[in-house]
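The structure displayed is predicted, hence computed values, not measured ones.
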2 protein chains.
Amino acid sequence: MSRPIAILGGTGPAGTGLALRWARAGETIIIGSRSDERAQEAASKIRQRAGSDARVSGTANAAACAATDLLALTIPFEGQVGLLKELKPSFQPGSILIDATVPLAAAVGGRASRTLGVWQGSAAQQTAELVPKGVKVVAAFQNCSADSLNGDDPVECDVIVCSDDPEATQLVCRLAAQIPGLRAIDGGKLENARLVEQLTALLVGLNIRHKGHGGIRITGLPASAYRSLG
Amino acid sequence: MSRPIAILGGTGPAGTGLALRWARAGETIIIGSRSDERAQEAASKIRQRAGSDARVSGTANAAACAATDLLALTIPFEGQVGLLKELKPSFQPGSILIDATVPLAAAVGGRASRTLGVWQGSAAQQTAELVPKGVKVVAAFQNCSADSLNGDDPVECDVIVCSDDPEATQLVCRLAAQIPGLRAIDGGKLENARLVEQLTALLVGLNIRHKGHGGIRITGLPASAYRSLG
């Protein structure tokens with residue numbers, strides 16, 4: 001990409017996993033966190049793993065948000081609304097915000113194999129309501145195992161990319177396809193994120209029951225539906 | 001199986017597809033339909049495709065339901081409640097009822113890529129409320145493409161099997177694994193059907209967008225999680 005990717009709420013397993021994989025693919029990454037210090041620590045660990053050429057820095061969420069117009073949100077559901085409200089003044093106009101949030105019931109002390117109902121239909125649609133007008137929300141990466149992203153093997157998962165902006169969808173498909181193993185599929189409108197988010201809870205349940213790190217593959221679509229490295 | 005499988009509402013594409021595949025696997029199939037005649041026609045067509053040894057008959061839904069204690073429900077969502085109420089006196093005690101119903105919005109004239117909210121949480125849980133006490137409801141096969149089931153190639157799909165009766169789950173896993181290509185995965189409690197049902201709407205949307213016959217594979221689980229022919 002021509003611009004850095006800021007990963008907001010990026011010190012958790014999903015955020016560091018995406019950062020690691022994109023840094024390895026040559027992207028410039030800015031990890032955002034509540035504290036400058038935690039963000040820099042996380043960035044330093046990722047640099048050690050991604051190699052000496054890796055461009056990964058860390059800073060507070062608001063500064064990370066203001067620094068670029070390509071953003072990813074990787075925060076637990078219980079932190080989503082608060083962080084987005086806090087960041088509202090920091091968005092660049094026309095930014096793309098990738099949202100990987102899933103409304104797992106764990107957010108309110110329930111099970112991560114169950115979901116909460118979200119008034120807007122999905123966590124991603126809630127995000128779309130909270131960002132400044134013109135910011136394009138793209139739901140993606142909700143089904144990728146954070147463990148797999150943080151590993152070294154190809155990530156055996158398809159990424160269903162949903163947004164109301166076809167160009168933003170295509171950009172995020174290209175980003176997903178930089179990660180070995182991932183295949184990106186255009187999933188249509190942002191509202192479809194509600195279906196994709198449910199799938200995460202199913203995978204969490206299967207992981208607990210069968211002791212795995214589950215992902216999904218969509219079969220039966222023509223080759224043109226998939227975008228990947230391979 | 002030691003007993004026949006009755007496929008209730010079995011003249012639609014999902015019902016005939018399962019009937020064809022199970023008949024080929026040597027099972028005895030009873031197709032149920034609103035009319036004796038339509039059921040017999042469907043049975044005759046399946047026999048022609050499945051081979052001369054195939055044991056497939058057709059009769060009215062209530063007679064099919066009363067004839068065995070292993071049942072599958074493959075009816076559009078809009079017909080589910082009515083059929084179950086009609087069949088209530090016909091169930092054998094302790095029957096296993098496989099439910100493949102999905103609450104697609106098409107049931108009320110909406111899109112098949114969207115779902116309706118079901119008061120009980122899922123179509124399968126609605127079924128569980130409507131069957132006589134002791135009948136074991138097992139949600140399965142919602143994500144299998146009816147086109148693929150009606151074809152001759154292996155069905156590239158995993159079947160997430162959900163029920164509150166572990167023995168019934170195991171039996172349905174064995175049934176699924178008789179169909180070439182399918183892999184059965186124990187998906188835990190019946191309530192998890194609500195997650196699996198959502199996935200069907202996602203696949204329908206992807207099929208429309210990309211012109212395919214989508215299915216799913218779950219990756220990243222240990223081999224012991226999957227039951228299949230292969």
Side-chain angles (χ1 to χ4, degrees), chain A residues 102 104 111 113-115 117 121-122 143-145 147-148 151 153-158 160-162 166 169 181-183 185-189 191-226, chain B residues 102 104 111 113-115 117 121-122 143-145 147-148 151 153-158 160-162 166 169 181-183 185-189 191-226:
Chain A
V102 178
L104 300 179
R111 297 187 190 169
S113 58
R114 292 175 174 172
T115 55
S122 62
N143 305 145
C144 298
S145 154
D147 283 293
S148 301
D153 295 331
V155 184
E156 295 296 335
C157 197
D158 288 349
I160 319 284
V161 180
C162 301
T169 292
L182 291 189
R183 300 189 306 183
I185 302 173
D186 180 349
K189 288 195 176 176
E191 63 172 47
N192 296 335
R194 69 185 80 183
L195 302 169
V196 183
E197 291 174 7
Q198 301 300 310
L199 192 41
T200 304
L202 179 68
L203 292 173
V204 170
L206 293 175
N207 287 344
I208 294 169
R209 172 167 294 272
H210 298 288
K211 303 191 199 324
H213 300 292
I216 52 142
R217 292 290 195 198
I218 305 293
T219 63
L221 302 182
S224 59
Y226 304 96
Chain B
V102 176
L104 299 179
R111 298 186 189 171
S113 57
R114 291 175 173 172
T115 55
S122 62
N143 305 144
C144 298
S145 153
D147 284 291
S148 301
D153 296 331
V155 184
E156 295 296 334
C157 197
D158 289 348
I160 319 284
V161 180
C162 300
T169 292
L182 291 188
R183 301 188 304 182
I185 302 173
D186 179 350
K189 288 194 175 175
E191 63 171 47
N192 295 336
R194 69 184 80 183
L195 302 169
V196 182
E197 292 174 9
Q198 300 301 310
L199 192 40
T200 303
L202 179 68
L203 292 172
V204 169
L206 293 175
N207 287 344
I208 294 169
R209 172 165 293 272
H210 299 286
K211 305 192 199 317
H213 301 292
I216 53 143
R217 292 292 194 196
I218 305 293
T219 63
L221 303 182
S224 60
Y226 304 96

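Of the possible polar contacts, none joining the A:N192 side chain to the A:C162 backbone as a donor-acceptor pair under 3.5 Å is found.
Contact of B:L203 with chain A is made through the side chain alone, with heavy-atom distances under 4.5 Å. For chain A, the nearby part of B:S113 is the backbone; its heavy atoms alone come within less than 4.5 Å. Of the atoms belonging to A:I208, not a single heavy atom falls under 4.5 Å from chain B. Only the side chain of A:L199 comes within less than 4.5 Å of a heavy atom in chain B; its backbone stays farther off. Of the atoms belonging to A:D186, heavy atoms from both backbone and side chain fall under 4.5 Å from chain B. Contacts of A:R114 with chain B are made by side-chain atoms alone, with heavy-atom separations under 4.5 Å and no backbone atom involved.
If you tally non-hydrogen atom pairs under 4.5 Å between each of A:G215, A:S224, A:G212, A:G220 and chain B, the highest count goes to A:G215. In terms of heavy-atom pairs under 4.5 Å with chain A, the best-connected choice from B:E191, B:R209, B:K211 is B:R209.
Nearest approach of B:R194 to B:G121, heavy atoms of both residues: CB-O, 3.0 Å. Of all the heavy atoms in A:E197 and A:V102, the pair that sits closest is O-CG1, 3.4 Å. Taking every heavy atom of both residues into account, B:I218 and B:R183 meet most closely at O-NH2, 3.1 Å. Nearest heavy-atom pair across B:L206 and A:G187 is CD2-CA, 4.0 Å.
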